[in-house]
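Have a look at the structure below before the remarks.
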Amino acid sequence: MRAAGTIADVRSLGAHDHVCWAFDDPADFQAVALRFLLDGLAAGHRVRLVAEATDAERLLADPDFDRAVVAGAASVVVPGEMYRPDGAVDPVEQCAVYRRDTERALADGYTGLRIAADATPFARTSATLDAFARYEYLVDRVMAERPFSAMCAYHRPTVTAGAVEWLACAHPLANVMEAPFHLYAGADGATALVGELDIASAPLFSQALSAAAPLAVDGWIVIDATGLGFVDHRSLLTLSGYARGRHAGVALRTRRPHVARLVDLLELDNVRVERVA
Amino acid sequence: MRTGAAAGHTGYFHEAVYYRDESDLLAVVLPFLLGGVAAGEPTVCAFGEANAALVREATGNEPGIVYLAGGDMYARPASAIRAFQNLLAEKAATGAGQIRIIGELAPWMFGETWDWWARYESAINHAYDDFPLWSMCAYDTTITPPHVLHEVARTHPWVARPDGHERSAPYTEPSVYLLEQHRPVADPLQAGAPAVTLTDPSPVAARQAVLRAAPDSIEPTVLDNFVIAVSEVVTNAIRHGRAPVHLTLWTGLQRMVLTVTDHGPGPKDPFAGLLPRTDGEPGGLGLWLTHQLCDYVTLDRPGDGFTIRLTVNAA
């Protein structure tokens, strides 16, 4: 299982992990990105830093990182090289690029691909943010399936209001305590949920469902909520309504007894609760 | 087509039966039940064990009478309403012109939680009014406390006697009855030191505080359901009440008691909690869920605010 929830540092993250890192001080981003990529190198991954020159200089000053660049195991890329000039990202195309780069890394003898990126430019306005959040869900699915891990960093003061919380919810992992939940790609095509869903998270949850747009398989949208500590009736109604709009049911996996009780009381006939110990 | 005393009536014909002994009871109940069977109406006996056995014997095990184990239907008022509404809808869907049900409340309901059951008796005048139901609620006057009988007369429009049926003079419409203010009696636990006191908690803070403070004697499923109720009432206080919101939790080995007080007027709907309100009434669904998940709920409007008190038993 991929790691999910709130973290304070990027140590011990694995080949499929995906973390949202909010920072106030660029020096913090540089130090954490360096740690993340050095750990990746130690695990045999090919690594890449996507950041502006000032950040790259800090990492290149590190002898281990510099050695890796020379050896071809690490590279530094300016955001403009990877993404379109207008700052927007083509989700499908970018996911294809990462899948291809991951396969190339494996073919070249590495254990996977790991990227640390300053993604602040994509969260400057609410318009680009919504598109980017959708992209984060798609690329997270790639990470669930292939040995591709990433750290997406966002400069709090620069990004638009509400962006940090929104993006944190769209990653399995984040250093953002105020994110009430994380919605991300689970195993076997399921959509996973950790955290707690209540009135406070209700607007974000609706938004997250729309952006993640989980698909039904054989008429069922599978939600792995085994990591969800609490779900209120509004959130269950939201889930049920989302599935109904796609003429599908929800197969909801949970450890909590109260979920089945609520589904029964609410008479949500398109929600099937699967209790897991 | 309505028959018997309910002939010509539309909707719920709700009667009380007062009895001193078995022959008193049977004098009213037997014609009621056998009349239903003869008219081909779904006829249900929801008595407790003793009176059900009495009816079985007195009717010679009449096969046309369906027996419902009283306990299952009467777990708590809001659940009883939901269960009976489902039953009535099912029977009505078969095209029945009338449904007859005889039932009784168990003596334990006349104790500390009687006001909850009095509200139930009042609310069903409205909640079952969509169905061609004729029901009788039987009360043994030798064991039912006088203050309970007083409220029974105010919540049942009709009284069934062996010699006929008459209106219950003190009957009060539910929309009026349910908004009458009765100060709840304090739970003995409330005299002791609280386990938790919070001011303006978020729903998540309230849930976590309750989970941390709950004694091990509270059964996990009971606790899980209680936490939903706590989250709902705190959410209502934040969204529909007025700050500051105060939460207090008392714990004992046998039960937990929690109050949430805010400075708003509380719910305006007389049926709040007993019926789910999905028509936009603020907090309606959450309050109804709370009434399904707790063993006792009181709503108190002392004059300058609103306090909801939740009680759950350990198992």
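So that the names make sense, note that chain A is the first sequence line, chain B the second, and so on, each numbered from 1.
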_Test side chain to side chain contact (heavy atoms under 4.5 Å, CB included) on L262(A) and N225(B); report intermediate values, then the result._
CA-CA 9 Å; L262(A) 275 179; N225(B) 290 336; over 6 Å; no
- Report the distance from atom CG of L265(A) to atom OG of S79(B), rounding to the nearest 0.5 Å.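 Result: 7.5 Å between the selected atoms.
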Separation between CG (L289(B)) and CZ (R261(A)), nearest 0.5 Å, reads 9.0 Å
On a heavy-atom basis, which atom in [X] and which in [Y] lie closest, and how many Å separate them?
{"X": "D198(A)", "Y": "R207(B)", "value": "OD2-NH1, 2.7 Å"}
{"X": "H233(A)", "Y": "E232(B)", "value": "ND1-OE2, 2.5 Å"}
{"X": "R82(B)", "Y": "D264(A)", "value": "NH2-O, 2.9 Å"}

Q) Less than 4.5 Å apart, any side-chain heavy atom of V259(A) and any of D224(B)? A) no
Checklist line | Close side-chain approach of I228(B) to F230(A), heavy-atom, < 4.5 Å | finding: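 Yes; the side chains approach each other to less than 4.5 Å.
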Could you go through T235(B) and R234(A), starting from their C-alpha distance and side-chain angles, then the distance that decides it, and tell me whether this counts as side chain to side chain contact (heavy atoms under 4.5 Å, CB included)? CA-CA 11 Å; T235(B) 298; R234(A) 280 178 197 81; 4.0 Å; yes
Bottom line for L237(A): the part with an atom under 4.5 Å from chain B's heavy atoms is side chain
Item checked: Stepwise side chain to side chain contact (heavy atoms under 4.5 Å, CB included) check, R256(A) with V227(B) -> CA-CA 12 Å; R256(A) 307 304 300 247; V227(B) 166; over 6 Å; no
Using a 6.0 Å cut-off, check whether atom [atom1] of [X] has over 12 heavy atoms from anything other than its own residue.
{"X": "E112(B)", "atom1": "CD", "answer": "no"}
{"X": "D24(A)", "atom1": "CG", "answer": "yes"}
{"X": "E219(B)", "atom1": "CD", "answer": "yes"}

